[in-house]
Asker: 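Take a look at this one; I'll ask things after.
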Amino acid sequence: MNEILKIEHLSKTFGNNVVLTDIDFEVKKGDVTSIIGASGSGKSTLLRCINLLETPTSGEVLFHGNKVAEGGIKEEDYRAKVGMVFQSFNLFNNHTVLSNCMLGQIKVLKRNKEEAKAQALKYLEKVGMAPYINAKPSQLSGGQKQRVAIARALAMDPEILLFDEPTSALDPETVGEVLDVMRTLAKEGTTMLVVTHEMSFARDISSHVVFMADGKIEEEGSSKDIFYNPQSARTKEFLTRFREDKQES
Amino acid sequence: MSFFQRMVYIVQTYSVSLLKGAGVTMAIAIICTALGCIIGLGVGIVQTIEPKKNSSPISKFFIKFFKTLLSIYVEFFRGTPMMLQAAFIFYGFSQLFGINLGMWKAAILIVSINTGAYMAETVRGGILSVDIGQTEGAKAIGMNHFQTMTSIILPQAFRLIMPQIGNNLIINIKDTCVLSIIGTVELFFTFKSISGALYTYFEAASVTLIIYFILTFSCSKIMRYFEKKMDGPANFDLATTDTLAYTSGMNLAHIATRERL
């Protein structure tokens, strides 16, 4: 049993609004899973349910077989092991870049300052943000912020990284610098679950692709299967649009 | 004597009383603004606590009960004149309980709880206006509610409400004048004594006005300075490869030494 995350019959409703219906899938160690689909198909909500930022209406999130919602594992411990990168970065505005990457290690993992600093520098160097350790988030560009956010998540030594549309708030120029970092991570075998609109990126780095429509998993499979041999009509239609976009550009 | 000569005469004759009055006014204003901030912080934090969905009905009830009590406090002290509250508390305590609070204690008590009532709403607003993403970012790396509040939300909320704290300080400097009703000898009381003794309302008022203005203006400048200081430097130094290599080298050396031991 080497699956890190397992989602079982997960549903989420906001009032009368059904956002997710009966979602089932799992993430194994080393997998890079992309969740694609139109806006409003429930991709981000799914990711937020996995990290308990939203409480699922029904169904289970299992982490190494432990039910997360019912206290099978402490909420804080679980979140420390599941890193999250947000669309809007969510760096701590009152802390410097270095402190952003150290805070969680010190407060949550109870590491000492030196260890936390060494770890933070290691990952900041990896994402190319080491020279900016003294900067405040407000002094950085979007792409730089997102790279720091990735370093912050990595510094916690998570078992899996969740990315919630990490490049959607960036301009086309800076999208590349963030995707490059993510590509490197994928190559190194980091387990990743990525919600994205960057289709060619999803196609190239994913081992597994989940296509969502109307709050349901319409189709899932290997990157090759989904992108080159989709079975469902919805998937075909969605991907045709992506191909047309590509030809235009 | 001309108008200005009379003003000079007042300043010369009553300089000690005026300085004492100004001192008392400032002392009450600063102490009470500080205490009021602490009260407001406490009340404001409680007001923003949302009971968890899975918490027990008892704790839900207590949270609701405390919140109601606190909003009664806020509404009452915001909604009635401080001058009447002063009379009510000062004379009420001595008549009902036989406790003579004394001028200082009464003054500080009244102005603090008043400021606290206003600050509670300010703090609540400050906490609510910190982007929800900050909380989510902190939760996502496993920080609990307390850690999130103390390291992320409150420092940012505090910066947001700094102008409002300055506002309250200035309001308090001026509003301590209503304490003359319970006999606090502050700046306004001094003005009344001088004008009564010399029968020169206009001149005494002019002198006192100027003193009030100097006090409030300096305070607003000082508060601005603190705000700037909290924002930190506008620029940052890029860490050069040298310094980075130096620090990481240090760490390596450190680890190496530790391993050798």
Side-chain angles (χ1 to χ4, degrees), chain A residues 48 51-53 55 69-71 74-101 103-109 114-115 117-119 121-122 124-125 130-136 138-140 149 152-153 155-156 158 162 164, chain B residues 50-55 126-127 129-160 162 230-258:
Chain A
R48 291 169 62 83
N51 205 13
L52 300 180
L53 289 173
T55 319
E70 288 166 16
K74 223 176 118 199
E75 198 173 293
E76 283 86 16
D77 295 340
Y78 166 69
R79 283 191 177 132
K81 286 176 184 156
V82 179
M84 176 115 174
V85 176
F86 297 88
Q87 180 179 349
S88 50
F89 327 122
N90 295 350
L91 291 179
F92 306 136
N93 293 328
N94 57 327
H95 290 271
T96 62
V97 165
L98 182 64
S99 168
N100 259 280
C101 299
L103 205 62
Q105 298 185 62
I106 292 169
K107 300 260 172 199
V108 182
L109 303 179
E114 285 168 44
E115 200 182 346
K117 190 178 176 186
Q119 178 91 345
L121 282 174
K122 178 175 139 197
L124 282 169
E125 220 150 312
Y132 295 87
I133 49 173
N134 298 321
K136 285 275 182 75
S138 59
Q139 296 162 324
L140 301 177
R152 176 175 74 179
M156 300 291 288
L162 312 178
D164 184 11
Chain B
E50 290 292 335
K52 279 186 186 169
K53 268 184 199 155
N54 53 4
S55 54
I127 291 173
S129 53
V130 175
D131 178 23
I132 183 77
Q134 297 287 309
T135 312
E136 292 187 346
K139 291 254 159 85
I141 56 170
M143 287 166 82
N144 60 33
H145 183 72
F146 181 76
Q147 289 166 337
T148 308
M149 284 307 268
T150 52
S151 331
I152 311 296
I153 306 302
L154 288 179
Q156 291 186 46
F158 192 70
R159 174 62 191 88
L160 286 171
M162 271 298 275
M230 283 174 83
D231 287 340
N235 293 312
F236 62 92
D237 292 324
L238 279 182
T240 59
T241 39
D242 279 356
T243 52
L244 279 174
Y246 179 65
T247 39
S248 56
M250 284 251 292
N251 286 327
L252 286 177
H254 218 97
I255 293 161
T257 356
R258 221 187 297 158

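Below, chain A is the first sequence line, B the second, and so on; all start at residue 1.
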Asker: Quick one: are B/D131 and A/N93 in side-chain contact, heavy atoms under 4.5 Å?
Answerer: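 With C-beta onward as the side chain, the pair stays apart.
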
Asker: Calculate, to the nearest 0.5 Å, the distance between atoms CD1 and CG belonging to B/I152 and A/L91 respectively.
Answerer: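 Going from the CD1 atom of B/I152 to the CG atom of A/L91 covers 10.5 Å.
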
Asker: Could you tell me which portion of A/L162 (side chain, backbone, both or neither) has an atom closer than 4.5 angstrom to a non-hydrogen atom of chain B?
Answerer: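 For A/L162, neither part sits under 4.5 Å from chain B.
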
Asker: Which residues, numbered in order, of residues 139-146 of chain B come under 4.5 angstrom of chain A by heavy-atom distance?
Answerer: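 Hits under 4.5 Å: B/K139, B/A140, B/I141, B/G142, B/M143, B/N144.
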
Asker: Measuring heavy-atom distances to chain B, does A/F92 have an atom under 4.5 Å in its side chain, in its backbone, in both, or in neither?
Answerer: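 Answer is both: backbone and side chain atoms of A/F92 are under 4.5 Å from chain B.
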
Asker: Quick check on the interface: out of B/G232, B/P155, B/S151, who has the most heavy-atom pairs with chain A under 4.5 Å?
Answerer: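 Among the listed options, the one with the most contacts to chain A is B/S151.
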
Asker: Near B/F236 CZ, under 6.0 Å, is it more than 12 heavy atoms from other residues, nucleotides or ligands?
Answerer: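 More than 12 heavy atoms, drawn from other residues, nucleotides or ligands, come within 6.0 Å of this atom.
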
Asker: Tell me every residue that passes side-chain hydrogen bond (donor to acceptor under 3.5 Å, both in side chains) with A/Q119, counting only those two or more places apart in sequence or in another chain.
Answerer: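 Applying side-chain hydrogen bond (donor to acceptor under 3.5 Å, both in side chains) to A/Q119 gives A/D157.
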
Asker: Taking A/N94 as the fixed residue, which of B/Q156, B/R159, B/Q134 is the one that meets the side-chain hydrogen bond (donor to acceptor under 3.5 Å, both in side chains) rule?
Answerer: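 Per the side-chain hydrogen bond (donor to acceptor under 3.5 Å, both in side chains) rule, the option paired with A/N94 is B/Q156, out of B/Q156, B/R159, B/Q134.
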
Asker: Distance check, rounded to the nearest 0.5 Å: A/N90 atom CG versus B/E136 atom CD?
Answerer: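 If I round to the nearest 0.5 Å, the distance is 6.5 Å.
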
Asker: What part of A/V85 lies closer than 4.5 angstrom to a heavy atom of chain B: side chain, backbone, both or neither?
Answerer: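 For A/V85, no heavy atom lies under 4.5 Å from chain B.
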
Asker: Tell me which of these, A/Q139, A/M84, A/M156, has more heavy-atom pairs under 4.5 Å with chain B than the rest.
Answerer: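 That would be A/Q139.
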
Asker: Is there a donor-acceptor pair closer than 3.5 Å between any side-chain N or O of B/Q147 and the backbone N or O of A/K107?
Answerer: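 Looks like yes, one N/O pair under 3.5 Å.
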
